[in-house]
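As the structure lists them, so they are numbered: ligands from 1, and atoms in each ligand from 1. Only a predicted model underlies this, so the values are computations on that prediction, with no experimental measurement involved. For this chain, numbers begin at 1 and follow the sequence in order. We use all heavy atoms of the structure for the numbers below, so side chains are in, but hydrogens, waters and symmetry mates are not.
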Amino acid sequence: MIGSDRYRTHTCVGAADTNGATVRVAGWVHRRRDHGGLIFIDLRDRSGLLQLVFDPEAAPQAHAAAHRFHNEDVVSVSGPVIARDAKNVNPNIPTGGVELRVAEVELLSSSDPLPFSVEDETQEASEEVRLAYRYIETRRPKRLRALEMRAQIASVTRGVLEDEGFLEVETPILIRSTPEGARDFIVPSRLQQGKWYALPQSPQLFKQLLMVGGLERYYQIVRCFRDEDLRADRQPEFTQIDIEASFIEPEDIYRLIERLLVSQAEAAGVTLHAPFPRLGFAECMARYGTDRPDVRFGVEIQDWTAQAAASGLGIFEKAVEAGSVVRGICLPAAGGGLSRKDLDGLVTDAQEFGARGLVWAVVGEDGLRASVKGEFLQGLAEAFGAVQGDLICLVADTEDAALGVLGSLRVRLAERYGLIPEGAWAPLWVTDFPLVEWNPDQKRWDARHHPFTSPRPEDIPLLATDPGAVIAQAYDIVLNGLEIGGGSIRIHDRDVQQAAFATIGVDAEEAEEKFGFLMRALRLGAPPHGGIALGFDRLVMLLLGEKSIRDVIAFPKTSTGQDPLTGAPSEVDDDQLRDLSVRNVPPKGPAKAD
Ligand code: ASP
């Protein structure tokens, strides 16, 4: 390891193995205990903690200096590392069997009082303050470990991909915008006044052009930028593991990503078993109400429309007559201890997910408790195979709405009632997505993935006649209910690309105007190709058991896209604006939600 003996000969944890040798270590004063005579300091560096002992008799100068140390002062000390008395051994830290008896000390940098404690992680400051002093927060062992693991997982990623013959290629950051469905960040050009660059939402078109360029196997651990509302644990800049390959089929991508994820997970101490199960989109929606299902637990959605239509229950019969479907879930043992209030609360949960109402039933000791009366529910409970304590939830609505509500409720209630097995990992491929989806506001078809995704060859004729029925050669990879990646086989034929554009309302002229460079490339020898991108931040977050992607990003932004540390975004000098021929106009008011 590089490092100067002037400051240290060993790391804190490395020093523990030196058996009586005199060593020098350097780091931060993590905690100090002044026992009248002896002073104990836990010294912290990236490797961990080491106990230092200052003895007023053996080393009076060092002891006097230690007396004046504050938490988080940076010091370098030297002395012998010796075994602690048996009664002082701390089994909780790797260096707990030894201590360094300090002979000499040097204060390298002193610290003012801190805005929050490094040592006491329970003493939580607001996120604003923690991000403003992110470098203090980073010193916490848990945060350091997260960044170490992130680096480790990136390194494993490079190893696997390079072993598979992938080349890491950088693509530009100042680009013409690539549609990925989000808003672009844009950058004014000084040299071409009145023109703007966009920051890449992903390197999609560049990686495709690299395939036309003969690279065959490309990857990049790359920053992407999307100007979206940040409510749901998103960041305006995030990192993807971006992959593209020529002469491949979806099976090749599945095998590659399974190998990659198994290795990445292993680096984080998690075991995943390949091959991963696969589920077609339509079946996935019907069974789980979402295209990123958490399959660590069962609780599948069931169709009870036919039974509900003949149930004798007015609410159901009328709903079905009016064209609604009735779908339900049965949560094992979830209803046991629930009060009437808890059960009524389920209706509020369902409404939060957009339901107009919810019928619940619990199998109790003395029969069924339910929000509506009727024989029907008894029969249903039996058909579900429900046993005592099980909770049944039913929703009558349009198919999309009923599935959406139950899909969300399924996960919320499984979390609430502990139905997700501890330590379970459930990766899943979702395949066979529709190519396009109807945008009722704009009254047009939109690409579901992006407009460069290839239809199944047999569906190409449907592009013009029945776009909604076209199935894409697209796949998502889902882990524990979170989408961690997605990709597709791309269109490599200009006529198909033109037809795909036409389906989403981009005519030949607009295609030429916006994507002329792609259309030209597709005429000049484009190999069949496809790829995928994995959300790196989210993957690392999941593997480390963190709650937010901010926990695995060194310098994240707040939910309003600000960086309290540096104060970005900030105003700029008028001169800078003048150089760009850009003028500030009064703000529009708060940004509208997407
Ligand atoms: N560019 C896509 C995305 O960022 C991924 C892909 O199709 O490879 O989602």
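Within the listing of ligand 1, atoms 5 (C), 6 (C), 8 (O) sit less than 4.0 angstrom from a heavy atom of G486. Residue contact check: S202 has heavy atoms under 4.0 Å from atoms 1 (N), 4 (O) of ligand 1. Listed by number with element, the atoms of ligand 1 under 4.0 Å from a non-hydrogen atom of G487 are 6 (C), 7 (O). Each of the atoms 3 (C), 4 (O) of ligand 1 lies under 4.0 Å from some heavy atom of R226. Below 4.0 Å from some heavy atom of K207 lie the following atoms of ligand 1, by number and element: 6 (C), 8 (O). Listed by number with element, the atoms of ligand 1 under 4.0 angstrom from any heavy atom of I532 are 8 (O). Close contacts of ligand 1 with R490, meaning ligand atoms under 4.0 Å from a residue heavy atom, involve 6 (C), 7 (O), 8 (O).
Atom CG in D446 sits 4.5 Å away from atom CG in N439 (nearest 0.5 Å).
Aromatic ring orientation, Y254 versus W429: tilted (interplanar angle from 30° to 60°). In this structure, Y135 and Y133 have perpendicular ring planes: the angle between them is above 60°, well past the 30° mark.
What sits closest to atom 9 (O) of ligand 1 on the protein, heavy atoms only, is E180 OE1, 3.8 Å.
The closest donor-acceptor contact from the side chain of R150 to the backbone of V552 lies under 3.5 Å.
Every heavy atom of E244 sits 4.0 Å or more from the atoms of ligand 1.
Residue pairs meeting the salt bridge (charged side-chain N to carboxylate O under 4.0 Å, His left out) criterion with at least one member in residues 479-503, sequence neighbours excluded, are E244-R490.
The residue from Q201, Q240, Q204, E483 that puts a heavy atom closest to atom 4 (O) of ligand 1 is Q240.
By the 3.5 Å distance cut-off applied to N or O atoms, H449 is counted among the residues near ligand 1. Between S488 and ligand 1, no pair of N/O atoms sits closer than 3.5 Å.
Residues satisfying the salt bridge (charged side-chain N to carboxylate O under 4.0 Å, His left out) test with R176, not counting sequence neighbours, are none.
Taking every heavy atom of both residues into account, I491 and S454 meet most closely at CG1-CA, 3.6 Å. R412 approaches E352 most closely through the heavy-atom pair NH2-OE2, 2.7 Å.
Both the backbone and the side chain of A533 come within 4.0 Å of ligand 1, counting heavy atoms alone.
We find that R134 and E127 are not joined by a salt bridge, their nearest charged nitrogen and carboxylate oxygen being 4.0 Å or further apart.
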